Every structure is written in structure tokens, then in C-alpha cells.
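What's counted below: heavy atoms across the whole structure, side chains too, no hydrogens, waters or symmetry copies. What you are looking at is a predicted structure, and each value in this text was computed from that prediction instead of being measured.
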Amino acid sequence: MNPQVRIDRHGEVLSMTLDNQAAGNEITGAMFEAMLEALRAEKEKPKARVLRIRAEGEVFCLGRERAGKDEGTINAEITRLIALKRAVMDSPLISVAEVQGNAAGFGIGLAVVCDFTLVAEMATLSFPEMRKGLPPAAIMAYLGRYTLPKRIFPLILFGQDFTAAQAREMGLVTQLSTRASLKADADTLVMKILAMDAEGTRQCKAYFNAAQESSLDQNFSRATSLLTARTLQLQAGK
Amino acid sequence: MNPQVRIDRHGEVLSMTLDNQAAGNEITGAMFEAMLEALRAEKEKPKARVLRIRAEGEVFCLGRERAGKDEGTINAEITRLIALKRAVMDSPLISVAEVQGNAAGFGIGLAVVCDFTLVAEMATLSFPEMRKGLPPAAIMAYLGRYTLPKRIFPLILFGQDFTAAQAREMGLVTQLSTRASLKADADTLVMKILAMDAEGTRQCKAYFNAAQESSLDQNFSRATSLLTARTLQLQAGK
Amino acid sequence: MNPQVRIDRHGEVLSMTLDNQAAGNEITGAMFEAMLEALRAEKEKPKARVLRIRAEGEVFCLGRERAGKDEGTINAEITRLIALKRAVMDSPLISVAEVQGNAAGFGIGLAVVCDFTLVAEMATLSFPEMRKGLPPAAIMAYLGRYTLPKRIFPLILFGQDFTAAQAREMGLVTQLSTRASLKADADTLVMKILAMDAEGTRQCKAYFNAAQESSLDQNFSRATSLLTARTLQLQAGK
């Protein structure tokens with residue numbers, strides 16, 4: 001059990017709570033490993049249906065630890081952070097990010113790849129990497145799927161702060177809350193997800209994400225097989 | 001002539017009017033066949049330049065008939081509904097959906113694939129399939145082309161109602177009308193389309209749609225041939 | 001030196017100022033050649049970091065010269081205008097379009113492919129090609145990357161005027177200015193760009209543009225190599 005990220009289950013909800021407050025809830029190597037391990041275990045033997053990513057303290061997450069000092073260790077760190085994003089995207093669980101405070105760099109990137117991104121309206125967001133001359137490539141990799149280029153490019157190039165409302169308008173955020181109501185809004189959302197059909201929900205997320213990456217012909221072809229198979233399942237009462 | 005969908009021509013306008021009011025203008029197998037047949041005939045021997053999809057009664061269209069009971073008949077139904085969407089998308093006719101009332105599932109999906117989607121502002125819209133655990137894959141196949149994922153995913157996953165104004169803001173709808181002015185607004189639009197050059201209009205739609213599916217290199221390469229050929233046609237007075 | 005487009009350098013800024021006012025700042029063959037040559041020279045031997053595209057007079061640019069009269073010359077003109085757009089897109093320079101007045105056709109197309117598109121709020125914009133029956137394919141080639149189809153298709157099909165604010169809302173424009181403040185706003189932006197790390201800026205633009213054209217897998221894979229290499233560069237103080 002990693003003390004800087006509490007990973008626990010209540011019923012069908014797997015929660016990951018960042019608690020590395022002294023370092024702005026920065027995600028360390030050990031935290032990455034713990035989160036990846038939990039998602040891997042879920043994928044092999046699914047028990048939960050919802051993944052909730054939260055944080056303790058004032059800020060949500062200001063980035064990730066950069067401990068690598070040579071090509072091998074730097075490359076391993078980057079490979080691992082991308083693996084966590086992919087694991088969230090590809091997880092059969094519906095993911096909910098609960099951004100109660102400021103988020104920057106990897107922190108906001110992780111929140112965006114969740115299926116639902118709830119943000120407290122007072123939070124300040126940024127992709128600050130270019131302030132140090134580093135293009136945030138592991139974020140640009142997918143930002144084009146969520147927003148329009150003229151909206152996002154200046155924020156990336158200059159690493160400037162933006163508000164939760166701007167992020168909502170741009171397409172990076174699902175829903176705004178006040179800081180006081182955020183937890184309750186996330187609770188309500190999680191209840192709504194758990195009230196849906198489990199198998200249908202899994203198929204819906206998987207198809208939605210795959211469709212963003214494929215041609216219309218491929219999507220229609222996959223739709224035909226999915227709808228046929230799923231209709232038969234539902235008629236059989238599954 | 002199928003009495004549940006009136007298909008008629010006035011000059012260069014092909015109209016399809018749903019009239020299956022007892023069943024919420026649900027599209028039945030016979031209606032699908034009639035609509036597909038009319039689009040096929042137009043493609044082989046083009047006479048019309050505009051396709052207008054309308055409905056009688058209070059609602060526009062609340063879905064499609066689900067009569068299939070085994071793999072073969074279910075698969076055939078799905079193949080046919082996708083064939084109708086593709087036929088509208090690929091038709092040389094400019095298509096105008098005139099959504100005078102509520103639309104759900106296949107109904108709103110059909111309206112979205114039209115080149116122009118006019119919706120009465122009081123209409124309630126939804127993708128209700130997930131209420132029964134069925135992922136609306138034949139709609140998700142193309143929704144990512146029209147809107148941003150954080151906007152649309154919650155509406156799909158929960159099958160919840162949304163307004164015409166929300167649909168406009170998201171990118172699913174071209175233009176809102178009052179219910180009283182919708183028909184006149186559609187008439188005006190159709191007149192504007194018919195006032196455009198016929199051959200240029202066909203080429204414009206075909207290129208626009210193909211460009212959504214192709215790389216920048218492919219698009220520029222096709223632009224070079226299209227613009228060269230079309231400029232020569234226009235200089236020759238065609 | 002082409003008198004209809006002034007190309008000059010001040011420090012790290014390469015400026016191209018359209019000055020063909022008698023013809024609505026239409027871009028002629030000689031202007032295309034001069035602009036292409038300057039971008040080619042920069043690519044081979046980079047000196048500047050910012051490309052600024054401006055215009056003298058009331059309008060920004062109402063299109064491009066159409067002098068071709070047969071297949072060969074028409075094709076060469078189209079190939080050349082596409083080459084200029086690609087050269088701007090692919091340039092290592094960060095490009096800023098300063099649209100002080102009306103822009104149409106190639107004029108607005110050129111402004112959109114710049115990394116930053118600043119437009120005076122009183123400017124009237126249009127893609128007027130379809131008024132003469134010519135589908136603006138060299139613009140549709142990339143418009144789908146910047147905006148949503150239901151927003152843009154009517155403007156293309158009918159060639160109708162739209163405002164700078166509409167263009168901003170649609171995603172074609174980065175930022176609005178008053179006509180009086182446009183130059184100062186562009187100056188400020190250029191200063192901000194020049195204050196960024198030069199190598200990081202180049203890599204950021206190149207990766208951002210490439211990511212729009214590639215799959216998530218390709219993007220993550222390229223992100224791993226870029227971030228590893230760039231982190232090592234920064235640690236070495238480059």
C-alpha cells in the first residue's frame with residue numbers, strides 16, 4: 001500500500017486518492033506503479049465498474065515527478081506515464097476525475113482522459129511544460145481529440161493559466177461544480193453510472209473510444225456486429 | 001407506394017414525409033425499403049437536387065422498428081438502417097432534415113447525417129438506447145465527426161433528454177426555428193440551394209464529406225485535380 | 001524584390017506585407033513565388049523564428065489571381081497556392097496572420113493555416129468560390145481540422161459573408177482585436193513568442209501539427225522519443 005495514493009474499493013467503485021500534498025500531489029514513480037497495478041488487476045479480474053480519481057488537500061495534482069537522469073531512466077518514466085493514461089482510457093471501468101483544486105501538466109492531462117472530468121470552478125489549470133522549453137507531447141498526443149486547435153495551441157505554446165470555465169468551453173471538461181458541491185456532484189454521477197446496465201456500459205465506452213480512431217466504414221462495420229450481438233444478448237435477458 | 005412514408009417530387013426536390021404517427025413515426029422495414037429505393041433510383045438517374053426529410057404530426061421520429069428475432073433478421077435490420085444513413089450521406093442530393101418535433105435514436109441520427117439539420121426549438125432530443133443497455137453504435141459511428149467527445153458522451157451513456165439549443169451548441173444541428181416558422185425556413189433554404197450551380201453543389205458536398213475521412217496530403221492532392229477540372233468546366237461555360 | 005509583397009526581416013521576425021491594393025491585395029503569381037522563395041530559404045538556413053503575414057490598406061486579401069487558361073497553367077497555379085499553404089503549415093517559424101480588414105477565399109484560407117490568426121472585429125470574411133460554382137477544395141482540405149462541419153458547411157456551400165466573431169466562435173480565428181489595436185496586439189504576441197525557448201517552440205509546433213494527422217498509438221510513440229530526447233537536451237542546458 002502506497003501512502004501517497006490511497007487505493008480502495010467500496011462496492012463497485014475503485015477509488016484512487018492522491019495524497020502527496022507536500023509536493024503538490026505530484027505523482028511519483030511508486031504512485032504510478034500502484035495505480036497501474038490496480039488497473040491491471042481490474043482488467044484481468046473485473047470487480048469494480050467505476051474508477052474515481054480524487055485528491056486530498058488544496059490542489060488536485062500539479063504534475064509528475066521527474067527523477068530520471070539518463071536516457072534509460074527518463075524513457076522509462078515517460079513510458080510509464082503514458083501507460084497510465086492508456087490504462088485509464090482502455091479500462092472497462094467508467095472513469096470520473098474529481099478535480100477539486102488546481103491541476104497542471106500531467107495532472108490535468110490525467111483528468112482529461114477520464115470519461116467524466118468534473119472540475120471545481122475556482123481551479124486554475126495549465127500545461128506549464130513550455131515555460132521550461134519542453135513540448136508537452138504526451139498531452140498533445142490526444143488533446144486534438146477533445147478540442148479545436150486554435151483554442152488550445154496558445155495555451156500549450158505559452159504554458160499560460162486558464163480557468164475551469166474556459167476548459168469547459170473548449171471541450172476539456174465535462175462539468176463544473178462549486179468546490180463545496182464537487183464531491184456530492186461526483187457521488188450523484190457515480191450513482192447514475194452504477195444504475196446503468198453493466199455490460200452495455202462497458203461496450204458503450206469501448207465502442208465510443210474506438211470510433212474516435214477509426215474510419216466511418218470501419219465504424220459502421222463494427223456497429224453491425226456489436227448491435228447484432230448485443231441485441232441477441234438483451235433478448236436473452238443478459 | 002408506402003402509406004407510412006410519402007415520397008414525392010416537386011421539380012428538383014425529392015421529399016420524404018414520415019407518416020406513421022400511431023407509432024411515433026418509427027421507421028418500419030417497408031419504410032426503409034421505400035426510402036432506400038428512391039435514393040438508389042436518384043443515384044442511377046439523377047433528377048432531383050434536394051432531398052427533404054420531414055414528418056407529419058407532433059413528433060419527428062422516435063426511432064425505428066425492431067422486429068428481428070434471430071441473428072439473421074436482426075443483422076439484416078441493422079445493415080438496412082446503416083445503408084439508409086450511408087445513402088443519405090453519399091447522395092448527390094443536398095439533404096435537409098426538417099425536425100418539427102421530438103426526435104430520438106435513429107430519428108435524430110438520420111437528421112444529423114443530413115447536410116442541413118433544421119430543428120424546432122421546442123423539440124426534445126435523445127439517444128435513448130442505453131436506457132435499455134444497448135450502445136447506440138450506429139450513431140456513435142459518426143457523432144465524433146460532428147461534436148466534441150466531452151459534450152456528447154454523457155448524453156449517449158445515460159440516454160438523457162437534451163434540447164435543440166444544446167444540440168445546436170454541440171454541433172449536431174445547423175439551425176433552430178420556432179415550430180411555426182420551421183417549414184418556411186426550410187422552404188427558404190431549399191430555394192437557396194436550388195439557386196446554386198448544380199454541378200458545383202454536387203462536387204462541393206462530395207469533396208467536403210470525403211475530406212473529413214482523409215489525410216491532409218490526400219485532400220490537397222484531390223483538391224488539385226478537382227480545382228483544375230472544375231475551373232476548365234467553368235471556363236467552358238458548363 | 002516584388003513590390004506587391006514586401007518581405008523583410010527585423011531581428012528574428014520575417015514579415016510579408018501584401019501591398020497589391022488596387023486588386024484587393026489579391027496574390028499574384030509573382031507574389032506567390034516571392035513568398036515561397038523566402039520560406040524555402042528559411043527552411044534551409046533558419047534565421048527567423050516568427051513569420052508575420054500582414055497587409056497594407058483597407059482589406060487584408062480578397063483572393064488570388066486566376067490567370068491560368070489551360071489545364072497546364074491552371075494546374076500549376078493550384079499546385080503553387082497549395083505549396084504556399086503547406087510551406088506556412090510546415091515552416092519551423094511560428095506564423096501570425098494579422099487580418100486588419102476583409103478577407104475572402106485564399107486570403108482567409110492563408111490566415112487560418114497560420115499558427116495564430118488575429119482578426120479585426122469589423123472584418124467581413126467569406127469563402128466566395130461557390131458563388132461562381134467552384135467548390136473551394138483547397139480550403140475544405142483542412143477546414144475540418146479547425147471547426148465542426150455543421151458550422152462551416154453552409155458558409156462554404158453558399159459562399160456567404162460571416163463576421164470575425166463568428167469565425168472566432170467556430171474555431172477559425174485565435175483572437176479578435178479592434179482595428180486600432182490589432183497591430184499592437186500582434187506586436188505583443190510576437191514578443192511573447194520570441195521570449196519562449198527557440199528549440200522547444202519549433203518542436204512544439206511540429207509535434208502539435210503532426211498529432212492532428214496521426215493515430216493515438218503513433219502520437220504516444222512519437223511523444224516517448226520526443227520527450228526523452230528533449231529532456232536530455234534541457235538537462236544538458238541546450
Open item on the list: With a 4.5 angstrom heavy-atom cut-off, is it the side chain or the backbone of C/S221 that approaches chain A, or both, or neither?
Closed with: neither
Task: Residue part contacting chain A, namely of C/N209, when any heavy atom lies under 4.5 Å - done: neither
Open item on the list: Given heavy-atom pairs under 4.5 angstrom as the criterion, report whether the side chain, backbone, both or neither of C/L172 touches chain A.
Closed with: backbone
Open item on the list: Looking at every non-hydrogen atom in both residues, tell me the closest pair between A/G107 and A/F60 and how far apart they are.
Closed with: O-CE2, 3.5 Å
- [ ] State the CG-CZ distance between A/D115 and A/F208, to the nearest 0.5 angstrom.
- [x] 9.0 Å
Open item on the list: Closer than 4.0 angstrom, basic N to acidic O: yes or no for C/E42 and C/R49?
Closed with: no
Task: Choice from A/G133, A/A138, A/G68 maximising heavy atom contacts with chain C below 4.5 Å - done: A/G133
Task: Per-residue contact mode, C/E169 against chain A (heavy atom under 4.5 angstrom) - done: backbone
Task: NZ/NE/NH1/NH2 to OD/OE distance under 4.0 Å, A/R230 and A/E199 - done: no
Task: Pair A/L125-A/D161, side-chain contact (heavy atoms from CB on, under 4.5 Å): steps then yes or no - done: CA-CA 6 Å; A/L125 311 174; A/D161 289 346; over 6 Å; no
- [ ] With a 4.5 Å cut-off on heavy-atom pairs, point out which of C/D197, C/L227, C/V112 contacts chain A the most.
- [x] C/L227
TODO: Answer yes when C/E121 and C/R168 have at least one side-chain N-carboxylate O distance shorter than 4.0 Å, and no when they do not.
DONE: no
Task: Exam field: side chain A/Q166 to backbone A/T163, donor-acceptor pair closer than 3.5 Å - done: yes
Open item on the list: Less than 4.5 Å to any heavy atom of chain C: does that hold for the side chain of A/R86, its backbone, both, or neither?
Closed with: side chain
Task: C/F106 and C/F32 aromatic ring geometry - parallel, tilted or perpendicular at 30°/60° bounds - done: perpendicular
Task: Separation of C/S177 OG from C/D185 CG (nearest 0.5 Å) - done: 3.5 Å
Task: Which of C/T174, C/T117, C/L232 touches chain A most, by non-hydrogen pairs under 4.5 Å - done: C/L232
TODO: Would you mind checking which part of C/Q203 comes under 4.5 Å of any heavy atom in chain A, side chain (CB onward), backbone (N, CA, C, O), both or neither?
DONE: both
Task: A/E71, part contacting chain C, at a heavy-atom distance under 4.5 Å - done: both
Task: Residues A/R66, A/E26: salt bridge by 4.0 Å N-O rule - done: no
Task: C/L226 versus chain A, the contacting section by heavy-atom distance below 4.5 Å - done: side chain
- [ ] Please name all residues satisfying side chain to side chain contact (heavy atoms under 4.5 Å, CB included) with C/A186, sequence neighbours left out, ordered by chain then number.
- [x] C/R52, C/E98, C/L118
Task: Proximal component of C/L234, with respect to chain A [non-hydrogen, under 4.5 Å] - done: side chain
TODO: Considering only heavy atoms, give the residues of residues 139-152 of chain A separated from chain C by less than 4.5 Å, sorted numerically, with 'none' for an empty result.
DONE: A/M140, A/A141, A/Y142, A/G144, A/R145, A/L148, A/P149, A/K150, A/R151, A/I152
Task: Short side-chain donor-acceptor distance under 3.5 Å, C/S214 and C/R222 - done: yes
Task: Option in C/V173, C/I94, C/T228, C/D217 with maximal non-hydrogen atom pairs under 4.5 Å from chain A - done: C/T228
